[in-house]
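What follows is a set of notes on a single structure, which appears directly below.
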Amino acid sequence: LSGCTALRSVDLAPLANVRNLGDGALAHAKALQAADFSPMAALESVGAEWLLGCTALASARFAGLSRLRSVGQCWLQWCPALTRVDVAGLTALERVDASWLAFSFGVVELDLSTLAALRSVGGGFLARWGDAPAPAVVLPSNPTAASCVPIGDAFFIH
């Protein structure tokens, strides 16, 4: 579904048993306004550019993805309308590559407190430029996770 610029909504229920998504899943779906991945409970890994450039995307929900362990670079990058991201269900997430939520200026608050397995976040996480306000981020409270999370070389740029 990469490059489906007129796609306004998507029903992910038929993909309930999919374990891996390749690069570009829903990238550049410019008309997509909301994405709820909770029906994809079997998902374990996602390649690069997941939801990259979805300029109308206002909310993204990942509740119930308790098996997801890794996500490639540019996840939710260049999504300026994005204001709400629910990652509460990503309890097994260990690694996110570079540029997660980079230049998604609408995100002003991000609660990562339930991501106890998180070990690595690549550079450019929540990257900003100019006068864009840095969002409030709640990190995992698990002492092991909190001490092992090397945030990449550009956690906040502003």
Side-chain angles (χ1 to χ4, degrees), residues 1-2 12 18-29 32 34-38 40-158:
L1 293 173
S2 180
L12 298 168
V18 171
R19 292 187 3 210
N20 302 298
L21 287 177
D23 293 347
L26 288 169
H28 306 290
L32 187 65
D36 182 359
F37 285 86
S38 58
M40 297 184 70
L43 195 60
E44 295 174 2
S45 70
V46 180
E49 300 179 356
W50 185 17
L51 294 163
L52 165 73
C54 295
T55 54
L57 187 66
S59 68
R61 184 169 183 254
F62 302 96
L65 300 184
S66 60
R67 294 181 184 178
L68 184 63
R69 294 185 168 284
S70 67
V71 178
Q73 66 185 11
C74 303
W75 178 24
L76 289 167
Q77 182 179 1
W78 290 108
C79 298
L82 189 63
T83 57
R84 195 170 89 77
V85 180
D86 179 358
V87 295
L90 302 178
T91 55
L93 187 64
E94 296 175 352
R95 180 185 57 80
V96 178
D97 288 345
S99 301
W100 179 20
L101 287 163
F103 311 114
S104 293
F105 303 112
V107 177
V108 294
E109 186 176 324
L110 185 62
D111 185 351
L112 304 179
S113 62
T114 61
L115 278 64
L118 190 63
R119 299 289 181 264
S120 176
V121 176
F125 172 61
L126 286 167
R128 310 279 202 223
W129 74 61
D131 295 332
V137 178
V138 179
L139 293 174
S141 59
N142 174 330
T144 305
S147 64
C148 296
V149 178
I151 303 296
D153 55 274
F155 184 49
F156 293 113
I157 301 172
H158 56 117

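These numbers come from a predicted model, not from an experiment.
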Contacts of R84 that satisfy salt bridge (charged side-chain N to carboxylate O under 4.0 Å, His left out) - sequence neighbours left out: none

Using atom types as modelled and distance alone, determine if a side-chain donor or acceptor of D23 lies under 3.5 Å from a backbone N or O of A48. yes

Test item: T114 side-chain N/O and A88 main-chain N/O as donor-acceptor pair under 3.5 Å: yes

Quick check: closest heavy atoms across [X] and [Y], and the distance to 0.1 Å?
X: S66; Y: A92; answer: O-CB, 3.1 Å
X: G124; Y: A102; answer: O-CB, 3.5 Å
X: C79; Y: G53; answer: SG-N, 4.3 Å

Rounded distance (nearest 0.5 Å) linking atom [atom1] of [X] with atom [atom2] of [Y]:
X: W100; Y: L110; atom1: CH2; atom2: CG; value: 6.0 Å
X: Q77; Y: S104; atom1: CD; atom2: OG; value: 7.5 Å
X: T91; Y: R69; atom1: OG1; atom2: CZ; value: 9.5 Å
X: S70; Y: L93; atom1: OG; atom2: CG; value: 8.0 Å
X: L43; Y: L12; atom1: CG; atom2: CG; value: 10.0 Å
X: R95; Y: L68; atom1: CZ; atom2: CG; value: 10.0 Å

Results of side-chain hydrogen bond (donor to acceptor under 3.5 Å, both in side chains) for [X] - residues two or more places apart only:
X: N20; value: S45
X: D111; value: S113
X: E109; value: none
X: R67; value: none

E94/R119 ion pair, N-O < 4.0 Å: no

Would you say [X] and [Y] make side-chain contact, with heavy atoms under 4.5 Å?
X: V46; Y: W75; value: no
X: L101; Y: L82; value: yes
X: L51; Y: F37; value: yes
X: L76; Y: L57; value: yes

Residues two or more places apart in sequence or in another chain: which of them pass side-chain contact (heavy atoms from CB on, under 4.5 Å) with A58? none

Check the orientation of F105 and W78. Use parallel for under 30°, tilted for 30 to 60°, and perpendicular for over 60°. perpendicular

side-chain hydrogen bond (donor to acceptor under 3.5 Å, both in side chains): pairs with one or both residues in residues 47-64, sequence neighbours excluded: D36-R61, S38-R61

